[in-house]
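I have placed the structure first, in the form of structure tokens, so that the comments after it can refer back to it.
FYI, side chains are in, hydrogens and waters are out, and symmetry mates aren't considered; it's all heavy atoms of this structure. Keep in mind it's a predicted model, so treat the numbers as computed, not measured. Sequence lines set the chain letters: A, B, ... in the order given, protein chains first and strands last, and positions in each chain run from 1.
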There are 2 protein chains.
Amino acid sequence: MTEVCKVYEEHLDKILEAQAKLPEEESILEAADFFDALGNPTRLKILLALMEAGELCTCDLSAITKLSVSAISHQLRILKDRKIVAYRKDGKNVFYRLDDEHIRKLLRTALEHLSEVR
Amino acid sequence: MTEVCKVYEEHLDKILEAQAKLPEEESILEAADFFDALGNPTRLKILLALMEAGELCTCDLSAITKLSVSAISHQLRILKDRKIVAYRKDGKNVFYRLDDEHIRKLLRTALEHLSEVR
DNA sequence: TAAACATTTGCACAGATGCTCAAATGTAGA
DNA sequence: TCTACATTTGAGCATCTGTGCAAATGTTTA
């Protein structure tokens with residue numbers, strides 16, 4: 001952190017330019033938070049299942065993922081807090097869905113690229 | 001995990017269909033791994049800086065992010081292992097770059113969507 | 001009201017993560 | 001060879017995460 005390599009001066013322009021063009025700390029934290037939400041198998045399964053089914057309740061998702069209702073509920077809270085899923089209450093059930101078309105599109109794009117390259 | 005809610009039978013079709021259409025476990029783990037790599041502020045900064053500058057050495061990235069060379073190196077290893085960045089050795093320096101056009105495109109798309117919606 | 005059941009919440013704990021520090025490794029030039 | 005320096009690596013540590021359990025909360029129906 002305090003250390004600065006000797007090549008620093010040569011590269012100073014590049015460094016300053018890159019630093020200047022980097023989005024603001026806040027935006028980076030937001031974006032990282034968003035990717036982080038997708039970066040967990042359980043949460044990704046939830047999102048993929050919702051992408052497929054449109055709407056599913058907590059217990060459906062528990063059955064699909066074979067994880068406890070509690071585990072799913074904890075993860076749904078994270079997705080809900082980050083505005084990645086929305087929900088609707090219907091009697092005893094709570095139905096979750098992808099929050100908007102952007103999430104759907106982004107998920108689809110990402111998966112396409114992954115299947116192409118990796 | 002062992003618990004199954006009573007609504008299960010009604011929803012059985014939806015559950016089975018969603019389960020069937022879910023990508024294989026392996027693919028999901030891969031995709032989650034990929035998103036996870038982007039889901040950390042330090043790694044995301046590295047990638048954004050590389051997107052901007054094209055090519056940067058470890059010590060440049062340390063200067064840009066204001067983190068220790070060691071911390072950056074540890075994170076670069078993760079990005080390298082996951083084939084998200086590639087590198088080229090030049091004397092004492094090691095220059096890193098985004099691994100392929102897909103990564104660049106995906107990053108760009110994701111950031112666009114984020115800035116639109118969030 | 002009570003009973004049944006879907007969901008959420010708080011706690012606990014094992015395992016993962018991200019950083020620093022110090023040492024090791026690699027590379028170029030004197 | 002020795003020295004300088006860029007980078008990597010491993011250990012240690014504090015913190016964060018993901019899950020199950022048990023209890024709490026909500027909602028419907030009898």
Here the distance between atom P of dG18(D) and atom CG of Leu44(A), to the nearest Å, is 13 Å

Show each protein N/O and nucleotides 12-18 of chain C N/O combination with a separation under 3.5 Å, one pair to a line.
{"residue": "dG18(C)", "atom": "OP1", "partner": "Asn40(B)", "partner atom": "ND2", "Å": "2.8"}
{"residue": "dG18(C)", "atom": "OP2", "partner": "Arg43(B)", "partner atom": "NH1", "Å": "3.0"}

List for me each residue that meets side-chain contact (heavy atoms from CB on, under 4.5 Å) alongside Ile78(B), sequence neighbours excluded, and say none if there are none.
Arg43(B), Gln75(B), Arg82(B)

Six-ring centre of Tyr96(A), Lys80(A) cation under 6.0 angstrom, axis tolerance 45°:
no

Detail all sub-3.5 Å separations between protein N/O atoms and N/O atoms belonging to nucleotides 22-29 of chain D.
none

Select base, sugar-phosphate, or nothing to describe what Ser73(A) touches, counting heavy atoms under 4.0 Å on all strands.
base

Is the shortest distance from a Lys or Arg side-chain nitrogen in Lys105(B) or Glu101(B) to a carboxylate oxygen in the other one below 4.0 Å?
no

Could you tell me whether the side chain of Leu16(A) reaches within less than 4.5 Å of the side chain of Gln19(A), counting heavy atoms only?
yes

Separation of dG18(D) P from Ile46(A) CD1 (nearest whole Å)
11 Å

Using a 6.0 Å cut-off, check whether atom CZ of Phe95(A) has over 12 heavy atoms from anything other than its own residue.
yes

Output the rounded distance in Å from CD1 (Ile15(A)) to C1' (dA6(D)).
13 Å

In whole Å, what is the span from the CG atom of Leu61(B) to the P atom of dT7(D)?
9 Å

Lys45(A) NZ - dG18(D) P separation (whole Å):
13 Å

Excluding sequence neighbours, so at least two apart, what forms salt bridge (charged side-chain N to carboxylate O under 4.0 Å, His left out) with Arg77(A)?
none

Backbone N/O of Thr58(B) and side chain of Ser62(B): donor-acceptor pair under 3.5 Å
no

Round to a whole Å and report the spacing from CZ of Arg77(A) to P of dT17(D).
12 Å

Any Asn93(B) side-chain N or O less than 4.0 Å from OP1/OP2 of dT27(C):
no

Check this one for me: any side-chain N or O of Tyr87(B) less than 4.0 Å away from OP1 or OP2 of dA6(D)?
no

dT7(C) phosphate, OP1 or OP2: any side-chain N/O from Thr58(A) under 4.0 angstrom?
yes

I want to confirm an ordering. Mapping Ile72(B) and Ala71(A) to their closest nucleotides on DNA chain D, which one lands closer to the 5' end?
Ile72(B)

Whole-Å gap separating P (dC21(D)) and CG (Leu67(A)):
12 Å

dG20(D) phosphate, OP1 or OP2: any side-chain N/O from Ser68(A) under 4.0 angstrom?
yes

Could you pick out which residue, His74(A) or Phe95(A), lies toward the 5' side of DNA chain C when each is mapped onto its nearest nucleotide?
Phe95(A)

Taking side-chain hydrogen bond (donor to acceptor under 3.5 Å, both in side chains) as the test, write out the residues that go with Glu24(A), two or more places apart.
none

Whole-Å gap separating C1' (dG18(D)) and NZ (Lys66(A)):
19 Å

Does anything in residues 84-97 of chain B form a salt bridge (Lys or Arg N to Asp or Glu O under 4.0 Å)? List the pairs, not counting sequence neighbours.
Glu55(B)-Arg88(B)

Say whether, by atom type as modelled, one donor and one acceptor occur between the side chain of Asp100(B) and the main chain of Ile103(B) under 3.5 angstrom.
yes

